[in-house]
Amino acid sequence: MKRLQSCVLPAVLLAVVGCDGGTGTGGSGGTGGSGGSGGSTTTSTTVTSSTTSSTSTGTPTIANCENGTELVFGQAMIGGLDNAGQEDFFRFEGLKGQVLFIEIDAQDIDQVTFDPTYIDTTVTLVDINGDRIAQNDNPTEFTSADSRLYTILPADGTYCVKVSECWTAKANPGSQCLEPQEKTSTYYELYVFELIDDGPGDANTSDPEGGNDPMSATTVDFVQADDGSYFTGYIWGYYETETDIDVYSMTLPADLPVSVGARSAGSVATFPTGVSGNGSTSPTGDILIFDPAIPDIPIARIDPGQSDQIRAPLELDKEYWLFVNRAPGAKEENDFYIVSARPTWGNPVETDDMNNSSFATAEIIDFSDGDSAFVEGDLIPITDVDHFKVDVPGGQTLVTAVCGARTQGSGLRQMKITLLGEDGMALSAAASDIETATQLAYVQDVPIGNNATVVLKVEAPTQAADTSGSYYQCGVHFSSP
Ligand SMILES: [Ca+2]
Ligand SMILES: [Ca+2]
Ligand SMILES: [Ca+2]
Ligand SMILES: [Ca+2]
């Protein structure tokens, strides 16, 4: 049985700020930062019985787009997926090029991330005929099972936002949806916001297509939250040609708060494309971050077909270039991209690189979140090996380690992690893993035995020729069955 829980997924285990669902320092921004025409909501609309009803046999009547409830941007549309197979339609008139952020809150309302008794929502954008244009099940950062869809409308016309349970929307629900199929909490709130780039005052940045190089770079706008942290910003543009490149100038704000012992970082995330993703007719191509002083080779690089997020250490108040490339392929009707960008910080940085190269002088790392310890560092030169020692918390019998480098945009290749016991040997044959282009290095639930301490060893045989970043991030987590 698939039972997803907060903070048990590899990507969430990687970073010390990864587990906080959005608000607060370093959080992933939430809806407050998405600017546009959103803002506070004072009115709401409840779904009427015209959208769905049950027959005496219990078979739901599925509404269609034409009969959908009229949707108002920025207003809460309230409903409940009470019947098996129910789909609620919300109709609106859209314009070609409108950038929409469509959000469903169900679990997030009660902050019960991945609670199996709450609906696992899926949002689908359809045209008047019900044909799918875009879809989202869960946020890319996977902070809950509530849907978040960012899209750009392909044409003027009537559209509907369709709200479904994952079990209704997906072809293979057993492998894609939260168990169990029957949920007791079915309430949801749907919001649609139009994202508008009105200049520096909002967290939105759109590309005016002025060229394909840093000479034409568009400045990325960030907006500060009340607590001093910065909201996630959204960046979008079109691929006007098959070889289009859009270049942005990105500077982490000088007053960005950074956790003690950590270094400032830039997080740039991409979204799946196509009708099962954001609706773009072109896959997003490679995303690169350059230091303008070293324009020959990027610090960080991802192919969104392989991994969806750069998380790279970047200096505050220093300009970087963000390149958004187009993936190969013929030009189509609605070739756009949307990426998110967030000024943030990384894990506590290695403090004793001179000595942590050997097991005997492993650097001690502390717990920063319950029974979890986080660290990041660099392998410079590539022959560098880093060791981190963690005390085993009382009562815990299993250890998990997750590290990311290439999947986070670093130039480290085939990074290997190993969990060692007090004798300096691997805890078991299963205590080691190598990162691939698509998968974090992930060692899960290894028995600790009688060891009072565990050492995480990090090494990599190769530095990529086309990416200079040498950084990695790790989390070590203890548990018991
Ligand atoms: Ca979902
Ligand atoms: Ca462009
Ligand atoms: Ca361009
Ligand atoms: Ca090091």
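Just follow the structure's listing: the first ligand is 1, and inside any ligand the first atom is 1.
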TODO: Find, among atoms of D353 that are N, O or S, the one nearest to the Ca ion (ligand 4), and state its name.
DONE: OD1
Open item on the list: We want to know whether D110 and Y118 form a side-chain donor-acceptor pair, criterion being a heavy-atom distance below 3.5 angstrom.
Closed with: yes
Task: Atom of D244 nearest the Ca ion (ligand 2) (restricted to N/O/S, atom name only) - done: OD2
Open item on the list: If you consider just the N/O/S atoms, which atom of D378 is the closest one to the Ca ion (ligand 4)?
Closed with: O
Task: Distance, nearest 0.5 Å, that separates CG of D308 from CD of Q408 - done: 8.5 Å
Open item on the list: With carbon and hydrogen excluded and only N/O/S kept, which atom of D384 is nearest the Ca ion (ligand 4)?
Closed with: OD2
Open item on the list: Test of geometry: compute the angle OE2(E350)-the Ca ion (ligand 4)-OD2(D386) and round it to 10°.
Closed with: 90°
Open item on the list: I need the OD1(N138)-the Ca ion (ligand 1)-O(D137) angle, rounded to 10 degrees.
Closed with: 80°
TODO: Please state whether the separation between the Ca ion (ligand 1) and some N/O/S atom of D146 is under 3.0 Å?
DONE: no
Open item on the list: Which atom name does D120 have for its N/O/S atom nearest to the Ca ion (ligand 1)?
Closed with: OD1
- [ ] Applying side-chain hydrogen bond (donor to acceptor under 3.5 Å, both in side chains), run through T281 and D335 and close with a yes or a no.
- [x] CA-CA 5 Å; T281 46; D335 290 350; 2.6 Å; yes
- [ ] Decide, counting backbone as well as side-chain atoms, whether Y239 has an N, O or S atom less than 3.0 Å from the Ca ion (ligand 2).
- [x] no
Task: Within 6.0 Å of NZ in K416, more than 12 heavy atoms from elsewhere - done: no
TODO: Specify which N/O/S atom of E240 comes nearest to the Ca ion (ligand 2), by atom name.
DONE: OE1
- [ ] Ignoring hydrogens and angles, state whether a donor on the side chain of D386 or Y472 is under 3.5 Å from an acceptor on the partner side chain.
- [x] yes
Open item on the list: Is S147 close enough to the Ca ion (ligand 1) that one of its N, O or S atoms comes in under 3.0 Å?
Closed with: no
Open item on the list: Could you check whether atom CD of E242 has more than 12 heavy atoms from other residues, nucleotides or ligands sitting under 6.0 Å from it?
Closed with: yes
Task: With the Ca ion (ligand 1) as the apex, the O/O angle for A145 and T121 - to 10° - done: 100°
TODO: With the Ca ion (ligand 2) as the reference point, give the N/O/S atom of E209 that is nearest.
DONE: OE1
Open item on the list: I'd like to check F222 versus M250 (side-chain heavy atoms, cut-off strictly below 4.5 Å). Are they in contact?
Closed with: yes
Open item on the list: Using the side-chain contact (heavy atoms from CB on, under 4.5 Å) definition, which of the options D207, I287, D244, N278 pairs with Y337?
Closed with: D207
- [ ] Carefully, step by step, assess T407 and S307 under the rule side-chain hydrogen bond (donor to acceptor under 3.5 Å, both in side chains).
- [x] CA-CA 6 Å; T407 53; S307 63; 5.8 Å; no
Task: Angle at the Ca ion (ligand 2) (to 10°), with one arm to O of Y238 and the other to OD2 of D246 - done: 90°
